[in-house]
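To start, the structure itself, in structure tokens.
Every value quoted in this text rests on a predicted model; they were computed, and no experiment measured them.
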Amino acid sequence: MKALLLIVHGSRKASSTTEIAQLAKNIAKQSHDFNHVRHSFLELAQPKVDTAIEELVLLGCQEIVLMPYFLAQGFHVAQDLPEILTQAQSAHGQVNFKLLKHFGAAQQMPHWILEYVAGENV
């Protein structure tokens, strides 16, 4: 089984947490490549990344794609996520983990921004 784990910073604001949970549900509905799609937070909200990884491993996922939902390469992207990847690989050697580049690094980002702006009739 293959899983996608959306990783975000986290917020104390409940509506932000709900928004991310809904995003993960919407991705799951549209995905043909992943058996499971989950969300997780680095700080301030639940579930934490390590908890979500454990859940996916218990579900029998053999491949887990870690998707950093960050626009820029700050400390969390540059330092924390590689450490989380190393810990996950060490704890679950039977699982193939792949840490993607952060969302803001996507080559399609300029196109997405222009498409969004055009859709707002600016």
Side-chain angles (χ1 to χ4, degrees):
M1 280 193 286
K2 188 174 180 180
L4 174 65
L5 180 58
L6 191 64
I7 302 171
V8 299
H9 184 273
S11 173
R12 289 182 185 93
K13 190 174 179 184
S15 61
S16 177
T17 302
T18 301
E19 183 179 339
I20 295 302
Q22 188 60 53
L23 175 61
K25 287 178 185 176
N26 291 342
I27 293 169
K29 288 178 188 175
Q30 296 180 36
S31 174
H32 300 290
D33 298 324
F34 297 99
N35 304 96
H36 300 282
V37 177
R38 297 289 191 271
H39 67 285
S40 62
F41 302 98
L42 287 173
E43 298 179 357
L44 307 173
Q46 299 292 332
K48 297 287 192 239
V49 178
D50 58 345
T51 302
I53 289 172
E54 292 296 326
E55 177 187 332
L56 291 168
V57 170
L58 288 174
L59 287 171
C61 295
Q62 298 293 322
E63 185 175 349
I64 301 175
V65 177
L66 307 173
M67 170 43 194
Y69 192 63
F70 289 80
L71 290 179
Q73 187 177 4
F75 184 79
H76 289 309
V77 171
Q79 299 290 326
D80 293 339
L81 292 178
E83 288 177 14
I84 288 170
L85 173 64
T86 299
Q87 291 170 357
Q89 289 171 325
S90 177
H92 307 287
Q94 76 283 10
V95 177
N96 180 26
F97 291 94
K98 181 175 183 180
L99 175 60
L100 301 179
K101 291 182 180 179
H102 61 285
F103 188 65
Q107 291 181 342
Q108 302 93 325
M109 187 58 73
H111 172 76
W112 291 332
I113 290 171
L114 292 172
E115 189 176 81
Y116 172 78
V117 171
E120 294 294 312
N121 297 316
V122 174

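Side chain of Lys48 to backbone of Ala45: a donor-acceptor contact under 3.5 angstrom is found. Counting only distance, with no hydrogens or angles, the side chain of Ser40 and the backbone of Leu6 share a donor-acceptor pair below 3.5 Å. A distance-only check finds a donor-acceptor pair linking the side chain of Thr86 to the backbone of Pro82 [under 3.5 Å].
Here the CD-CG distance, from Gln89 to Asn96, works out to 8.0 Å after rounding to the nearest 0.5 Å. One finds the NE2 atom of His9 at 9.0 Å from the OG atom of Ser11 (value rounded to the nearest 0.5 Å). Leu4 contributes atom CG, which lies 11.5 Å from atom CG of Asn35 (distance to the nearest 0.5 angstrom). Rounding to the nearest 0.5 Å gives a distance of 10.0 Å between NE2 of His39 and CD of Gln46. Interatomic distance, NZ of Lys2 versus NZ of Lys98, reported as 8.0 Å (0.5 Å rounding). Rounded to the nearest 0.5 Å, atoms CD1 (Ile7) and NE2 (His76) are 11.5 Å apart.
Closest heavy-atom contact between Ala72 and Val77: O-CG2, 3.7 Å. When all heavy atoms of Leu71 and His102 are compared, the closest pair comes out as O-CD2, 3.5 Å. Here the closest non-hydrogen pair linking Ala106 and Trp112 is CB-CZ3, 3.8 Å. The two residues Asp33 and Ser31 make their nearest non-hydrogen contact at N-OG, 3.2 Å. For Ile53 against Leu5, the heavy-atom pair with the smallest separation is CG1-CD2, 3.7 Å. Here the closest non-hydrogen pair linking Pro68 and Lys101 is CD-O, 3.8 Å.
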Please step through side-chain contact (heavy atoms from CB on, under 4.5 Å) for the pair Phe41 and Val49, ending with a clear verdict. CA-CA 6 Å; Phe41 302 98; Val49 178; over 6 Å; no
Go through the steps to decide whether His36 and Met1 satisfy the test side-chain contact (heavy atoms from CB on, under 4.5 Å), and finish with yes or no. CA-CA 8 Å; His36 300 282; Met1 280 193 286; 3.6 Å; yes
Would you sort out whether Val57 and Gln94 count as a side-chain contact (heavy atoms from CB on, under 4.5 Å), showing the intermediate values? CA-CA 10 Å; Val57 170; Gln94 76 283 10; 3.9 Å; yes
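By the 4.0 Å N-to-carboxylate-O rule, Glu55 lies close enough to Arg38 to be salt-bridged with it.
Two different hydrophobic clusters hold Leu81 and Val65 under the rule that ILVMFWY side chains link at heavy-atom gaps under 4.5 Å. Linking Ile, Leu, Val, Met, Phe, Trp and Tyr residues whenever their side-chain heavy atoms come within less than 4.5 Å leaves Leu114 and Phe103 in two separate clusters. Under a hydrophobic-cluster definition in which Ile, Leu, Val, Met, Phe, Trp and Tyr are linked whenever side-chain heavy atoms come within less than 4.5 Å, directly or via other members, Ile20 and Leu100 are assigned to the same cluster. Tracing side-chain contacts under 4.5 Å through hydrophobic residues (I, L, V, M, F, W, Y), one never reaches Leu58 starting from Leu66; they form parts of separate clusters. Hydrophobic clustering (side-chain heavy atoms under 4.5 Å, transitive across Ile, Leu, Val, Met, Phe, Trp, Tyr) groups Met67 together with Ile27.
Checking each of Leu42, Asp50, Leu99 against Ile84 for a side-chain contact (heavy atoms from CB on, under 4.5 Å) leaves exactly one that passes, namely Leu42.
Between the side chains of Asn26 and Gln30, no donor N or O sits under 3.5 Å from an acceptor N or O.
For Tyr69, the OH atom sits in a loose shell: 12 or fewer heavy atoms of surrounding residues, nucleotides or ligands are nearer than 6.0 Å. Within a 6.0 Å sphere centred on CD of Gln107, other residues, nucleotides and ligands contribute 12 heavy atoms or fewer.
Note: His32 and Phe34 fail the aromatic proximity criterion, with ring centroids not under 6.0 Å apart.
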